[in-house]
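Atoms within each ligand, like the ligands themselves, are counted from 1 in listed order.
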Amino acid sequence: MSDKTVSQSPNLSRRALLKAGLATGVAAGAVGAARADGDPLITEIQDWNRYLGEGVQSRPYGTPSEFEAHVVRRDVEWLTASTESSVNFTPLHELDGIITPNGLCFERHHGGIAEINPADHRLMINGLVDTPLVFTMEDLKRFPRENRVYFLECAANSGMEWRGSQLNGCQYTHGMIHSVMYTGVPLKLILEEAGIKTNAKWIMPEGADASAMTRSIPMEKALDDCLVAFKMNGEALRPEQGYPLRLVVPGWEGNMWIKWLRRIEVGDEPWHQREETSKYTDLLESGKARRFTWVMDAKSVVTNPSPQAPVTHGKGPLVISGVAWSGNGRITRVDVSIDGGRNWKTARLDGPSLPKAMHRFYLDIDWDGSDLLLQSRAMDENGYFQPTKNELRAARGENSIYHNNGIQTWHVKADGTVENVEVS
Ligand SMILES: Nc1nc2c(c(=O)[nH]1)N[C@H]1C(S)=C(S)[C@@H](COP(=O)(O)O)O[C@H]1N2
Ligand SMILES: [Mo]
């Protein structure tokens, strides 16, 4: 590569910034161009350029490069008493686009991972139906199926942050979310096959795992956009995500997305009032609870830079990136602030914009090397704006764990390191 080719990159990047209308007027710094001369990685032939590599079939099921070994789900040991009833977190700061790779989707189990041979798996529909039915996996695959991308967020995502900034990394503060393309059968078709009685108002899906988890879901939602899914991102569900069958409840909190789905009972009232009013209900300051808070409201977070992804290249062009999502539909706008919410710039949304799916945003800036208080706020197609944490606290108090969709702040310091902070 000649010096001439290399030295073009800063001009190109500046032009790109200008085109996006985001250049600040300060000349964009050179993107690495000066170092090419005399770099042995340019002037000397490397081993991987000299020797034959492994052939096809050396990796029958491909895995990421060994240099990506740090890109993994992680847990927080002190958070739960056992690993079987626990959670780990998606490494959001290592990902791009809107799809979470299967091996990196966070896991939340109440009784460990059920290992089920699909040949032995059954789905039963009973209760207020004309004909109780039992389906094999093969039966289910004979229904017309659909492909749809949805995020799944645990209601407890960001729950540790209600009282103040706590966990140092977006993997831990926001990583109880994944965004996947599901292939499955609309639940409506399966319910119609069994025939729903006129007084049927609720369904209660149940898992085949050791926790035999059940949730109550109103019939209106069941007949709207729920899926009985067997594929994620094109391949079979992973055991961690409910292989061979899980319920997909678009836009609604993760605990309703029953994994290892084995039974759906149809009824005229919600089951398990106990759970509805304790485990997954938001406790308010008054001692009263917010019940039936199923929809995950619009939320966003800057994934880069963030505490686990510091700025290592110094000042000059800096790509600020993040994700946004809303259980009420599409994200129409994301604003980014670099001064703790005093001034906002509208970020660039890039990639598919699908309802109840993750959206990707970028703000390309020319960083002058001074401290930043980075924030993002999402707006959805209903005009709903993501609130600040203090606005949320004013409305709900600090006893909550669930549904914290407040604006996150990262303090980017002059040396490029990043910390989880709060601004008042
Ligand atoms: N059968 C069963 N389904 C379940 C759970 C479970 O423990 N057992 N956990 C629920 C909770 S609380 C969440 S947040 C999501 C997590 O889905 P994931 O493991 O694919 O991230 O699954 C839900 N479905
Ligand atoms: Mo959850």
Side-chain angles (χ1 to χ4, degrees), residues 72-75 79-80 82-92 95 99-116 121-124 149-160 171 174-182 184 203-217 226-233 235-265 271-272 275-276 278-282 293-296 299 325 327 358 400-405:
V72 288
R73 301 185 278 224
R74 292 179 193 277
D75 63 354
L79 219 52
T80 53
S82 78
T83 58
E84 293 83 9
S85 183
S86 191
V87 62
N88 61 17
F89 302 90
T90 304
L92 293 174
L95 304 178
I99 295 292
T100 314
N102 289 343
L104 297 175
C105 287
F106 87 96
E107 305 165 64
R108 174 84 180 95
H109 321 306
H110 294 77
I113 301 166
E115 298 279 359
I116 303 175
H121 191 71
R122 300 290 181 270
L123 173 65
M124 178 162 100
V149 179
Y150 293 120
F151 77 82
L152 178 168
E153 184 182 16
C154 177
N157 199 22
S158 314
M160 300 305 295
Q171 179 164 17
H174 289 75
M176 286 165 82
I177 186 164
H178 50 64
S179 182
V180 159
M181 185 177 75
Y182 295 96
I203 62 160
M204 184 190 66
E206 178 186 75
D209 55 328
S211 77
M213 189 152 161
T214 54
R215 304 296 303 156
S216 298
I217 299 175
C226 291
L227 291 176
V228 170
F230 40 83
K231 295 253 157 83
M232 59 192 290
N233 294 330
E235 65 177 0
L237 293 176
R238 291 288 170 88
E240 305 93 296
Q241 264 69 45
Y243 180 85
L245 197 65
R246 99 171 295 167
L247 190 63
V248 169
V249 190
W252 288 26
E253 55 189 35
N255 63 77
M256 307 180 101
W257 298 47
I258 298 297
K259 304 191 278 189
W260 311 288
L261 180 68
R262 73 158 171 213
R263 192 169 71 91
I264 295 174
E265 192 176 328
W271 289 258
H272 297 262
E275 277 188 54
E276 301 287 356
S278 61
K279 264 173 81 184
Y280 284 98
T281 301
D282 300 356
T293 50
W294 299 306
V295 176
M296 302 308 292
K299 184 168 171 181
W325 60 93
M358 202 108 102
S400 259
I401 306 174
Y402 302 111
H403 293 268
N404 178 0
N405 67 326

Do the side chain of [X] and the main chain of [Y] share a donor and acceptor less than 3.5 angstrom apart?
X: K259; Y: M213; result: no
X: N88; Y: E107; result: yes
X: Q171; Y: D75; result: no

Practice problem: Have a look at E240, K259, M232, H178 and point out the one with the heavy atom closest to atom 19 (O) of ligand 1. | Solution: K259
Quiz prompt | Whether C105 lies under 4.0 Å from ligand 1, heavy atom | solution =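 Under 4.0 Å: no for C105.
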Self-check item: R246 touching ligand 1 at heavy-atom level, < 4.0 angstrom
Solution: yes
Would you mind listing which atoms of ligand 1 come within a distance below 4.0 Å of any non-hydrogen atom of [X]?
X: C154; answer: 14 (S)
X: W260; answer: 1 (N), 2 (C), 8 (N)
X: L152; answer: 17 (O)
X: I258; answer: 3 (N), 24 (N)
X: D209; answer: 1 (N), 2 (C), 6 (C), 7 (O), 8 (N)
X: H109; answer: 7 (O)
X: G207; answer: 1 (N)
X: F106; answer: 18 (P), 19 (O), 21 (O)

Minimum heavy-atom distance between [X] and [Y], given as atom pair plus value:
X: Y182; Y: Y150; result: CE1-O, 4.0 Å
X: I113; Y: W260; result: CA-CZ2, 3.9 Å
X: N102; Y: M232; result: ND2-O, 3.1 Å
X: R73; Y: L104; result: CG-O, 3.7 Å

Quiz item: Relative to the ring of W294, is the ring of W252 parallel (under 30°), tilted (30 to 60°) or perpendicular (over 60°)?
Solution: parallel
Quiz item: Are side-chain heavy atoms of R262 and H121 found at a separation under 4.5 Å?
Solution: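 Heavy-atom side-chain distance check passes, below 4.5 Å.
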Quiz item: Would you say N255 and ligand 1 have an N/O pair spaced under 3.5 Å apart?
Solution: no
Self-check item: Test of proximity, H110 against ligand 1: N or O pairs below 3.5 Å
Solution: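 For ligand 1, there is an N or O atom that lies under 3.5 Å from one belonging to H110.
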